[in-house]
Amino acid sequence: MIPISLPLGQAQSWQAQLRDAITEPAVLFRRLGLDPAELPASLAASRDFALRVPEAYLSRIEPGNWADPLLRQVLPLGLELTSPDGYSDDPLAEADANPAPGLIHKYHGRVLLIVSGACAINCRYCFRRAFPYEANNPGRRDWQRALAYIAGDASISEVILSGGDPLAAPDRQLEWLVTALAAIPHVQRLRVHTRLPVVIPDRIDDSCLAWLTGSRLQPVMVLHINHPRELDAQVGEACRRLRDAGVPLLNQAVLLAEVNDNSETLITLSEALFAHGVLPYYLHLLDRVRGAAHFEVSEQRAVALMAQLRARLPGYLMPRLVREEPLAPAKTPIPG
């Protein structure tokens with residue numbers, strides 16, 4: 001991809017930034033000055049799970065630094081082609097909780113809608129890297145099955161928009177879906193799980209805020225930020241716009257080897273999040289998806305890290321350490 005040159009002061013739309021994300025490893029290597037000897041392995045891994053990095057995120061990666069924690073989250077590696085025992089394409093058994101196209105129902109009182117199979121960035125540890133999006137990509141008519149399922153279960157008080165990334169969908173589609181959900185009396189809350197405000201902060205525009213806050217549903221947004229360097233001024237502005245619109249912000253991170261598996265990074269992350277009005281929520285142990293074994297941090301080390309955080313942080317800045325277990329009724333807290 002050749003970077004687009006724009007007139008001074010003219011910014012690309014979020015849609016253009018999404019469209020023009022880097023998808024070729026050779027381009028990423030050239031832009032960041034990475035050792036070309038490693039390119040063949042990166043190409044092989046990207047054929048299994050595609051590379052995708054938007055320019056706004058690329059700008060935060062240190063050129064020439066193979067160990068950059070942001071780069072490690074997005075760079076395809078030959079290690080992904082190994083498959084140790086215990087790793088699978090569906091580590092959370094979501095196929096067993098998929099009663100209608102686009103809908104996952106694992107926990108009491110809430111359901112998850114796969115609004116879009118697209119992402120602005122392909123995180124190499126993603127537990128849905130092999131998810132069958134083609135079978136969970138309903139058109140408007142097919143969404144009626146999911147909406148009927150929600151309407152038929154009065155215990156469902158919260159709907160989570162997920163993906164892929166739900167904010168990769170057009171605002172017109174999201175507005176239609178939220179309007180339909182708001183018409184179901186027992187649905188009270190709208191939760192949005194997204195990485196787009198982090199990787200393309202321009203996504204949080206007036207049109208997005210209109211559907212997010214324009215219904216009777218109480219909105220909450222859960223961001224996905226793993227490292228404090230992901231929080232730059234533009235991400236801070238996106239968070240401010242959301243807060244000013246009355247949207248509570250939470251963060252869930254994944255504990256990743258050689259990305260954030262040290263106490264100083266996690267402490268700085270919690271403090272940086274709170275400075276931007278985002279409350280640390282979950283710190284997940286890795287979901288054992290095929291291709292991500294090199295990211296795993298042992299539970300023993302995770303517990304030790306949490307002890308170090310407790311000694312330095314107030315309780316409200318402590319994320320909850322959890323593991324997600326297939327078919328469990330809730331996230332599993334990790335004691336210690």
Worksheet entry | Interatomic spacing from CZ in R189 to CG in L217 - rounded to 0.5 Å | 10.5 Å
Discussion item. Tell me whether S59 contacts the main-chain N or O of A56 through its side chain, where contact means a donor paired with an acceptor under 3.5 Å.
Written reply: yes
Worksheet entry | Donor-acceptor pair, side chain of R203 and main chain of L167, under 3.5 angstrom | yes
Discussion item. Do L196 and I121 have side chains that approach each other closer than 4.5 Å (heavy atoms only, starting at C-beta)?
Written reply: no
Discussion item. Between E230 and Q73, is there a side-chain heavy-atom distance shorter than 4.5 Å?
Written reply: yes
Worksheet item: Do R31 and E55 sit within salt-bridge range, that is, some charged N less than 4.0 Å from a carboxylate O?
Response: yes
Discussion item. Test your reading of the model: is there a side-chain donor-acceptor pair from S42 to the backbone of L39, 3.5 Å cut-off?
Written reply: no
Worksheet item: Does a salt bridge link R60 with D68, judged by any charged N lying under 4.0 Å from a carboxylate O?
Response: no
Worksheet item: What closest approach, in Å, do A118 and S116 show between heavy atoms, and which atom pair accounts for it?
Response: N-OG, 3.0 Å
Worksheet item: Is L212 reachable from L18 through a run of hydrophobic residues whose side-chain heavy atoms are each under 4.5 Å from the next?
Response: yes
Item to complete: Grab the two heavy atoms, one from R124 and one from R72, that are nearest each other, plus how far apart they are.
Response: CG-O, 4.3 Å
Discussion item. Does any part of the side chain of H105, heavy atoms only, come nearer than 4.5 Å to the side chain of R110, both counted from C-beta?
Written reply: no
Worksheet item: Does a side chain donor of either S162 or R128 reach within less than 3.5 Å of an acceptor in the other side chain?
Response: yes
Worksheet entry | S155-D153 side chain donor-acceptor pair, cut-off 3.5 Å | yes
Item to complete: In sequence, state the C-alpha distance, the side-chain angles, and the governing distance for E80 and R129, and then conclude on salt bridge (charged side-chain N to carboxylate O under 4.0 Å, His left out).
Response: CA-CA 12 Å; E80 296 177 29; R129 55 184 284 163; 3.1 Å; yes
Practice prompt. Check whether any side-chain N or O of Q234 sits under 3.5 Å from a backbone N or O of L231 as a donor-acceptor pair, and report yes or no.
Written response: no
Fill in: Heavy-atom side-chain contact between R172 and S207 under 4.5 Å
no
Worksheet item: Counting N and O atoms only, with roles assigned by atom type, does the side chain of T194 sit under 3.5 Å from a partner on the main chain of D165, one being a donor and the other an acceptor?
Response: no
Practice prompt. Measure the shortest side-chain to side-chain distance between L305 and L255 over non-hydrogen atoms and say whether it is less than 4.5 angstrom.
Written response: yes
Discussion item. In the structure I gave you, are the side-chain heavy atoms of E237 and P201 within less than 4.5 Å of one another anywhere?
Written reply: no
Discussion item. In the structure I gave you, are the side-chain heavy atoms of L161 and H193 within less than 4.5 Å of one another anywhere?
Written reply: no
Practice prompt. Taking the side chain as every heavy atom from C-beta outward, state whether V192 and P219 have any atom pair closer than 4.5 Å.
Written response: no
Worksheet item: Can you name the one residue among L313, L309, T268 that meets side-chain contact (heavy atoms from CB on, under 4.5 Å) with S263?
Response: L309
Could you go through residues 272-289 and list every donor-acceptor pair under 3.5 Å that involves a side-chain atom there, pairing it with any protein atom two or more places apart or in another chain?
unit_1: H284; atom_1: NE2; unit_2: Q252; atom_2: OE1; d: 3.1
unit_1: R288; atom_1: NE; unit_2: E296; atom_2: OE2; d: 2.9
unit_1: R288; atom_1: NH2; unit_2: E296; atom_2: OE1; d: 3.4
unit_1: R288; atom_1: NH2; unit_2: E296; atom_2: OE2; d: 2.9

Worksheet entry | salt bridge (charged side-chain N to carboxylate O under 4.0 Å, His left out) assessment of R290 paired with D90 | CA-CA 8 Å; R290 179 182 56 82; D90 186 14; over 6 Å; no
Item to complete: In sequence, state the C-alpha distance, the side-chain angles, and the governing distance for R323 and E299, and then conclude on salt bridge (charged side-chain N to carboxylate O under 4.0 Å, His left out).
Response: CA-CA 9 Å; R323 184 191 296 280; E299 182 175 318; 3.4 Å; yes
Practice prompt. Check whether Y125 and F49 end up in the same hydrophobic cluster, where Ile, Leu, Val, Met, Phe, Trp and Tyr are linked by side-chain heavy atoms less than 4.5 Å apart.
Written response: no
Worksheet item: Does N98 use its side chain to pair, donor to acceptor, with the backbone of L103 at less than 3.5 Å?
Response: yes
Item to complete: Check whether any side-chain N or O of N260 sits under 3.5 Å from a backbone N or O of L256 as a donor-acceptor pair, and report yes or no.
Response: yes
Discussion item. Determine whether K106 and D96 satisfy the following criterion, salt bridge (charged side-chain N to carboxylate O under 4.0 Å, His left out), listing intermediate values before the conclusion.
Written reply: CA-CA 9 Å; K106 293 193 295 185; D96 297 325; over 6 Å; no
